[in-house]
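In this chain, residues are counted from 1 in sequence order.
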Amino acid sequence: MIRINLLKDLNVKSKKKKLPVKRILAAAGILIVLGIAVMAGLSMLNREEAAPEEETALIRLPKKILPKLHKVETPFDVVEDIVDDIHGGRFRVNGLTRLGSPSHLSPNEKKLFERLFVRNTFLAFNSAIKAGMGFNTITLDAEGSFFVFGVTQDEASAMAFQKDISGSNMIASAEELSFESKFGESRHHFALKGFLNFSFVETAYEDDTWTLDEQYKSTGEQVLFDVMRIGESQGIRFKSKPENIKEEPFLSVKRRLMRMQIESTYPGLMRWITDVAESGVQMGFTKINLTSVGKGRILAVAEVWLYSQN
């Protein structure tokens, strides 16, 4: 008879095999090495995942485009840069109705206003502009209105500019100030519109060398030659031959309305305007518009009266 001892078999199966100490230590070392490798791999993965997030955050930052400042030596405080990267950037400002007009001025007072208002207004603008601001477009006319368009780092600077020019004897009002923010830029576009003050001519006879007995050249061509010569000495370029619009009598002399297209730097134009006003050349502005055309240059279109004997 064959006997099968089930208990013996169970005891044999339940016994634990003892592993050698060296094998245990080797296995533990392998586990430690694998653990270090896994941790290093996870660390590398975390760094790789973090890098794109940092790059994305940098891309989301607003792009800063600020007017470049170039020091220019001029006989007065002038705008150091004309902003040339916002071409055509006029946005709507509401229409204004002025309370006065130049109609109350005598003919000689009107002539004096035409001679001086452009120079005096630009002097007010240039002395009031704040750091980080820049002009792109300026329009003035002898009917007494002005328009300024440009950029500012913050709205407070433009409001300070508005306040300062309002204190000038050239500005009757400067109440229409508008802002527009462009996506991706840290600066603001601003537009300021208002009216000029005619009352400064009341003291101009005392403050200026103006006299009623002025010297007039024989012809308008001679006056035009002097005007262009002064401009060319300041580096401005007349893009085309000045256009003759009309001629008419003025008191005991004649005057001729001319339209000029000028390319220049901003400081060069300022010097020309100043020199014409102070040199006694028989010329007066009726309107002027200037706007940037890039590379630090501006295009100005001016309509002027030339006074002569014939």
Side-chain angles (χ1 to χ4, degrees), residues 74-79 96 98-129 135 137-149 161-162 164-176 192-212 214 223 227 230-231 234 236 245 250-251 255-260 262 264 266 269-291 298 300-307:
T74 58
F76 43 78
D77 292 332
V78 13
V79 180
L96 298 176
R98 69 171 299 108
L99 300 177
S101 71
S103 58
H104 68 282
L105 300 178
S106 69
N108 271 310
E109 286 175 332
K110 290 180 181 179
K111 182 170 179 281
L112 179 60
F113 182 80
E114 292 165 0
R115 175 181 174 181
L116 298 177
F117 86 95
V118 170
R119 182 199 66 174
N120 290 14
T121 305
F122 274 114
L123 283 171
F125 289 167
N126 296 335
S127 61
I129 195 167
F135 298 143
T137 302
I138 299 175
T139 300
L140 309 174
D141 66 54
E143 294 302 309
S145 64
F146 74 84
F147 177 85
V148 178
F149 175 73
F161 170 75
Q162 176 190 28
D164 286 354
I165 65 169
S166 297
S168 166
N169 67 347
M170 280 305 304
I171 305 300
S173 64
E175 300 175 357
E176 183 84 10
L192 179 62
K193 186 176 181 180
F195 297 114
L196 302 177
N197 190 354
F198 298 108
S199 63
F200 87 94
V201 299
E202 297 174 0
T203 57
Y205 283 101
E206 301 173 4
D207 300 338
D208 195 73
T209 57
W210 177 274
T211 64
L212 296 180
E214 292 193 290
V223 182
V227 169
I230 294 173
Q234 297 296 350
I236 75 173
I245 301 176
F250 179 82
L251 298 179
R255 66 178 184 176
R256 177 183 302 175
L257 186 62
M258 308 289 294
R259 181 180 293 117
M260 301 177 175
I262 299 165
S264 172
Y266 187 86
L269 183 68
M270 295 297 102
R271 295 189 193 103
W272 176 66
I273 290 170
T274 301
D275 289 351
V276 166
E278 296 176 354
S279 64
V281 174
Q282 292 294 339
M283 187 194 89
F285 287 91
T286 64
K287 65 180 64 175
I288 186 170
N289 172 272
L290 63 90
T291 190
I298 59 173
V301 179
E303 290 188 5
V304 303
W305 286 114
L306 305 180
Y307 296 86

What closest approach, in Å, do A174 and L192 show between heavy atoms, and which atom pair accounts for it? O-CD1, 3.8 Å
Tightest non-hydrogen contact, residues I298 and Y266, listed as CD1-CA, 3.9 Å
Indicate the ring-plane relationship of F125 and F161, choosing parallel, tilted or perpendicular according to the 30° and 60° boundaries. tilted
So how far is it from L123 CG to I165 CD1, rounded to the nearest 0.5 Å? 13.0 Å
Nearest atoms (heavy-atom pairs only) where M258 meets I245: C-CD1, 4.3 Å
What distance do N120 atom CG and L196 atom CG have between them, rounded to the nearest 0.5 Å? 10.0 Å
S173 OG to K193 NZ distance, which is reported to the nearest 0.5 Å: 10.5 Å
Distance in Å, D164 CG paired with S127 OG, rounded so as to fall on 0.5 Å steps: 8.0 Å
Just verifying a value: how many Å separate Q234 CD and I262 CD1, rounded to the nearest 0.5 Å? 12.5 Å
Quick one: list whatever passes ring-ring contact (aromatic ring centres under 6.0 Å, His included) with F113, sequence neighbours left out. F117, F198, F200
side-chain contact (heavy atoms from CB on, under 4.5 Å) against K287, all qualifying residues, sequence neighbours excluded: D141, E303
Any I171 side-chain heavy atom under 4.5 Å of F146 side chain: yes
For the residue pair V227 and M260, establish whether any side-chain heavy-atom pair is separated by less than 4.5 Å. yes
Listed by chain and number, what are the side chain to side chain donor-acceptor pair (under 3.5 Å) partners of S279, not counting sequence neighbours? none
Is there side-chain contact between V276 and V304, with at least one heavy-atom pair below 4.5 Å? no
How close do L140 and V118 get, counting heavy atoms only, and between which atoms? CD1-CA, 4.2 Å
Ignoring hydrogens and geometry, is there a side-chain-to-backbone donor-acceptor pair from T137 to F149 under 3.5 Å? no
Minimum heavy-atom distance Q162-E176, with the two atoms named: NE2-N, 4.5 Å
Close side-chain approach of R119 and L116, heavy atoms under 4.5 Å: yes
Side-chain heavy-atom pair K111, R255 within 4.5 angstrom cut-off: no
Do side-chain atoms of W305 reach the backbone of Q282 as a donor and acceptor pair under 3.5 angstrom? no
Counting only N and O atoms by type, is there a donor-acceptor contact under 3.5 Å from the side chain of R115 to the main-chain atoms of G284? no
With a 4.5 Å limit on heavy-atom distance, are the side chains of E114 and Y307 in contact? yes
Min side-chain heavy-atom separation L306-M283 under 4.5 Å: yes
Could you tell me the separation between the CG atom of L105 and the NZ atom of K110, rounded to the nearest 0.5 Å? 7.0 Å
List the steps, then state whether side-chain hydrogen bond (donor to acceptor under 3.5 Å, both in side chains) holds for N108 with S106. CA-CA 5 Å; N108 271 310; S106 69; 5.8 Å; no
Please find the pair of heavy atoms, one from I230 and one from D275, that lie closest to each other, and give the distance. CG2-CB, 3.6 Å
